Amino acid sequence: MHVLFEEDGGFKAGTILTDNDTSLQVEMPSGKRSKVKAAQVLLRFAAPAPSQILEQAEVLSADMEAEFLWEVAGDAEFLFLDLARDYFGHEPTAPEAVSLLLALHAAPVYFHRKGKGRFRKAPADILQAALAALEKKRQQALAIEAWVQALKEGRLPPELAPYADSLLGKPDRNRPEIKAFEAACEALGCSTPELLLQVGALKSPYEVHFRRFLLDQFPKGTGFPAVDTPPWPTDLPRAEVRAFSIDDAHTTEVDDALSVTRLPGMGWRIGIHIAAPGLAIAQGGPLDAIARARLSTVYMPGHKITMLPDAVVGAYTLEGGRDCPALSLYLTVDDNLEILDQESRAELVHIAANLRHHQVEPWFNAETVDGPLPDKPFKDELHLLWRFANACEGRRGKPSATQGINDYNFAIHGDLADPENCRVEISERKRGSPLDKLVAELMIVANSTWGGLLAEHNIACLYRAQTGGKARMTTQPQPHEGLGVPQYAWMTSPLRRYCDLVNQWQLAACLTGQTPPFAQRSAELFAAMRDFELTYAAYGEFQRNLERYWCLRWLQQEQVQQIGATVRREELVKFDHLPLLSRIPGLPELAPGRRVVLGVDGLDFLGLEVRCHLLEVLPELADEPAPDEADDLAGEAQD
């Protein structure tokens, strides 16, 4: 005697070896023996053999229509053997009975399983809904198949066009449009961005990088909501100084300015003046919400996304020719440039001029600074500040962190909506010039002094600390070993960094005797610090990626076949006159600073990679900066 039983959602047949009341020992056609519970047995039969019954039943069930079985079945629950007797008109053979069981089992839409070979036909309304769902699924499958074929042929179905952005971000993989796109990618062996470009859903690799960043960081777009620009405080005293800023030609968020006043018989009073949006923007107000959401201005070649609306930036930027609200740090220094006293206050400062690097550096540079300077505006002030910056650097006991690092300015000519037809110009400027050191050292003084002032008054502050070579954010005043100061807090860029704006609120409260917006150990302050650090790093990575993209475009534009480079470490090299580093597989072991000539083999604008091979190792030359730590430290005082 043989049995048919259900196991793991399927049917099996075997020969009975022993039969107990509650269980059986069954030998399968493979020879394996199994213990089967009596409740699992659906049918006992003598013929055919267990190895044949399911094969014969499957042939018979292929001709059975689930719709007909549903019509003839009664409304009550039934055993499959009972319906088999009605269907065949006689006592069914074992293969006939099993064939009907298989037909019922294969039609769960028509028949609901009740266990132990029992079924109940689906109510008419439920059946119609289920059939409609199956038809919809069938139509979706046909649509997916058609979409996949179109994509494989390089055509973008109009139904898929609206999903380009979501495909770059976090697509809903339950949608048939997304399933079609991913199936096409798998069939073609390409990535999602590659296929988007192939079918014209995106115009260029630049658009891939830019839109992916926007989806990640600005999912609601980069526009600002309508918001009023709060007016300046009306009770600020007016400073009796003529201040000037020093920035590159493209800077619109002018955060800092400097002034020099002669003190007869004493020395000088040096003023460091920082734009003060924190005196007007209320913590917790609508502008704070905007700045808190963005956390920083995003910089990239040819474009930027500001932290604050243009009207707000225009209201508080230190624009030349007008009085501007500022937080000022005044340093009284003697003829030996030693700091005798310091004072901080909120005031209106007259900005006499916005000096630009390209206008000043031709006559104020490393070659001219120690000789007689031409008769130019602020030449005496610049020379004194240069001497003072050198004295500050000496007191810190650290060389300028910006020495040996180059700045690269990108000029993109054309419409960024069509980047492949834009022309890119990349200019190189040696950082660490007298102007750079002058600004950097005074910003270090301001950020360190004000950080110490808040620490002295036990007022919460967001600090930058560096121990063991790694810079990080902290709410505790800790040393910054790279800069050689006991504490350091970013405070000099409140128009473009949220942590500076937060610190400015704290500093302004300290100077005016008010309660600071953030208490010590404030959960809100910790959250702002954490979010700022993560977001600022993401913005920096995006900026580097787009600079890398435009470097590759420059190589393509100039049809560069070979280029010089300097070894940084192992297989990593830096290209000459470009902010571009790349790994060269198979590069022989060379000391950092060793010069090489590379052949350019190919450019990958999606992966942002340049493929090169070694052409020549040049004779040893000195003084190409190699330490990566210098790049990290340079950002600390770049304001």
Side-chain angles (χ1 to χ4, degrees), residues 227-247 252-261 263 268-288 290-291 307-332 341-354 381 442-443 445-447 449-451 453-454 457 459 461 489-518 639:
V227 61
D228 294 331
T229 301
W232 301 346
T234 58
D235 57 348
L236 293 176
R238 191 177 188 281
E240 297 301 322
V241 298
R242 293 176 66 251
F244 58 92
S245 65
I246 305 171
D247 295 284
T252 57
E253 300 152 295
V254 181
D255 289 293
D256 55 84
L258 307 169
S259 67
V260 176
T261 305
L263 300 176
W268 294 270
R269 186 177 64 177
I270 294 174
I272 304 170
H273 312 283
I274 305 303
L279 296 179
I281 297 175
Q283 191 273 332
L287 278 174
D288 175 31
I290 290 172
M307 182 179 76
L308 293 167
D310 289 344
V312 177
V313 172
Y316 306 121
T317 188
L318 301 183
E319 182 180 336
R322 72 179 191 186
D323 293 345
C324 300
L327 293 188
S328 298
L329 171 62
Y330 288 104
L331 305 171
T332 302
D341 194 14
Q342 58 94 1
E343 177 190 8
S344 300
R345 59 185 182 222
E347 58 187 4
L348 283 180
V349 176
H350 181 71
I351 308 300
N354 296 130
E381 289 89 340
L442 269 70
M443 295 308 108
V445 170
N447 288 327
T449 301
W450 280 338
L453 180 64
L454 293 185
H457 287 80
I459 294 176
C461 180
W490 272 343
M491 296 194 183
T492 53
S493 295
L495 291 172
R496 47 199 174 100
R497 283 195 305 233
Y498 188 69
C499 72
D500 299 56
L501 182 60
V502 166
N503 286 340
Q504 186 169 92
W505 281 324
Q506 301 294 90
L507 178 62
C510 177
L511 298 179
T512 58
Q514 299 177 348
T515 301
F518 300 95
D639 301 323

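These numbers come from a predicted model, not from an experiment. Along the sequence shown, the residues carry numbers beginning at 1.
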If you look at every heavy atom in [X] and [Y], which pair is closest and at what distance?
X	Y	answer
Leu329	Ala446	CD2-CA, 3.7 Å
Arg322	Gly314	NH2-O, 2.7 Å
Val254	Ala275	O-CB, 4.0 Å
Leu287	Asp228	CD1-O, 4.0 Å
Trp490	Cys499	CE3-SG, 3.7 Å
Pro516	Ile459	CG-CG2, 3.8 Å

Atom [atom1] in [X], atom [atom2] in [Y]: separation rounded to 0.5 Å?
X	Y	atom1	atom2	answer
Asn354	Glu319	CG	CD	7.0 Å
Leu348	Leu279	CG	CG	9.5 Å
Thr492	Asn447	OG1	CG	4.0 Å
Ile351	Cys324	CD1	SG	5.0 Å
Asn503	Ile274	CG	CD1	12.5 Å
His350	Arg242	NE2	CZ	7.0 Å

Are the side chain of [X] and the backbone of [Y] linked by a donor-acceptor contact shorter than 3.5 Å?
X	Y	answer
Thr317	Thr252	yes
Gln506	Phe518	yes
Trp450	Gln504	no

Output all residues satisfying side-chain hydrogen bond (donor to acceptor under 3.5 Å, both in side chains) with [X], sequence neighbours left out; order by chain, then residue number.
X	result
Asp255	Arg496
Asp310	none
Thr332	none
Thr512	none

Q) Can you list every pair that meets side chain to side chain donor-acceptor pair (under 3.5 Å) and has a residue in residues 275-285, with sequence neighbours left out? A) Gln283-Glu524
Q: Please say whether more than 12 non-hydrogen atoms of neighbouring residues, nucleotides or ligands are located less than 6.0 Å from CZ in Arg269.
A: yes
Q.
Leu442 vs Ile270, test: side chain to side chain contact (heavy atoms under 4.5 Å, CB included). Steps then yes/no.
A. CA-CA 10 Å; Leu442 269 70; Ile270 294 174; 3.9 Å; yes
Q: Can you spot which of Leu327, Leu318, Asp323, Val241 makes a side chain to side chain contact (heavy atoms under 4.5 Å, CB included) with Val349?
A: Val241
Q | For Tyr330, all residues meeting ring-ring contact (aromatic ring centres under 6.0 Å, His included), sequence neighbours excluded | A | His273
Report yes if the side chains of [X] and [Y] come closer than 4.5 Å at any heavy-atom pair, otherwise no.
X	Y	answer
Met443	Leu258	yes
Val313	Pro277	no
Pro230	Tyr316	yes

